[in-house]
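Have a look at the structure below, then the notes.
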Amino acid sequence: RVEPYIPTVEDVKRIFEASEGTMYEIPIKLAAQCGLRRGEIVALTIDDLSSDNVLTIDKDMEQDSDNNWVVRPPKNKGSIRKVYVPDDLADKIRKQGYIYKGYPNSIYDWLSDTEKRLGIEHFSLHKMRHFFCSRLVENGIDERAFHTQRVRLSVNRLHDLVPTDRLDHRYAFIFLEAADSAAHLHP
């Protein structure tokens, strides 16, 4: 079985640069820096971001039987969690006043088009979540910790995509679902 491609740090940095100033910057960074799923990202509102830069993930956007996009509680109660957002990204969200207002599938289209334009091997937005998990493991988080669905770690160990100059004293609470994160940590 061929494992799907997981983006490298260099791939993600190039995607970040390409997204800078676009409507896709925040969703792409939330996927790579916080491990969020597309449905979680597009369901978020500015009210989900606390003053201490913690996002409450308690809803999901998906298509109903009539192909209408609807916001619902997550299918799995274990997906309800709080996720720390790096200060610079939280500042961008506040300045913009919202997280994402576009069509949910447009994020996929933009990512695919950008990968082609940059000559990066194709990967899905969900692979940014796997990238995030693999970076945690590379930085010392034991894979078994994912099975607890709650990992407490020093923010300065997250990864080199998160600026740490103002964050060393902070702690991130990352709740990850073992079924779709730990199983694919190593490409």
*asked:* Whether the side chain of D66 engages the backbone of N68 through a donor-acceptor N/O pair (distance < 3.5 Å, no angle test) should be reported.
replied: no
*With under 30° as parallel and over 60° as perpendicular, where do the rings of W110 and Y24 fit, or are they tilted in between?*
parallel
*Close side-chain approach of V9 to F131, heavy-atom, < 4.5 Å*: yes
*Grab the two heavy atoms, one from Y5 and one from K127, that are nearest each other, plus how far apart they are.*
O-CG, 3.6 Å
*Distance only, no hydrogens: is a donor on one side chain within 3.5 Å (strictly under) of an acceptor on the other, for S50 and D52?*
yes
_Shortest non-hydrogen contact from A31 toward L125_ = CB-CD1, 3.8 Å
*asked:* Do L111 and F123 have side chains that approach each other closer than 4.5 Å (heavy atoms only, starting at C-beta)?
replied: yes
*Any chance you could measure T56, atom OG1, to D47, atom CG, to the nearest 0.5 Å?*
10.5 Å
_Atom of G97, atom of I46 and distance for their closest heavy-atom approach_ = O-CB, 3.7 Å
_Intermediate values then yes/no, side chain to side chain contact (heavy atoms under 4.5 Å, CB included), L36 and L44_ = CA-CA 11 Å; L36 299 188; L44 289 168; 3.9 Å; yes
_Shortest non-hydrogen separation from N53 to A90 and the atoms involved_ = OD1-CB, 3.3 Å
*Side chain proximity check, R129 to R37, heavy atoms < 4.5 angstrom*: yes
*Do you know which of E10, E25, E115 makes side-chain contact (heavy atoms from CB on, under 4.5 Å) with I15?*
E115
*Can a donor-acceptor pair be found between the side chains of S112 and D109 at a distance below 3.5 Å?*
no
_I'd like to know if I6 and L118 are part of one continuous hydrophobic network [Ile/Leu/Val/Met/Phe/Trp/Tyr, side-chain heavy atoms within less than 4.5 Å]._
yes
*asked:* Would you say that E20 contacts K29 through its side chain, given a criterion of any heavy-atom pair below 4.5 Å between the two side chains?
replied: yes
*Determine, using the 4.5 Å side-chain heavy-atom cutoff (strictly less than), whether Y98 and I28 are members of one ILVMFWY cluster.*
no
*From L55 CG over to D48 CG, what is the distance, rounded to the nearest 0.5 angstrom?*
6.5 Å
*Please name the pair of heavy atoms, one in P104 and one in M61, separated by the smallest distance, quoted to 0.1 Å.*
CG-SD, 3.8 Å
*How far does CD1 of I93 sit from CG of L30, to the nearest 0.5 angstrom?*
5.0 Å
*State, yes or no, whether a side-chain contact exists between V42 and I99 at a heavy-atom distance under 4.5 Å.*
no
*Is there side-chain contact between Y100 and M23, with at least one heavy-atom pair below 4.5 Å?*
yes
*Check for a donor-acceptor pair, side chain of D91 on one end and backbone N or O of D88 on the other, with a separation under 3.5 Å.*
no
*Student check: side-chain heavy atoms of N105 and W69 closer than 4.5 Å*: yes
*Please round to the nearest 0.5 Å and tell me the distance separating atom NZ of K75 and atom CG of D60.*
7.0 Å
_Least distance between heavy atoms, Q96 atom then I26 atom_ = NE2-CD1, 3.5 Å
*With rounding to the nearest 0.5 Å, note down the distance linking CD1 in I57 to NZ in K82.*
9.5 Å
*Approximate separation, where rounding is to 0.5 Å, of C34 SG and R81 CZ*: 9.5 Å
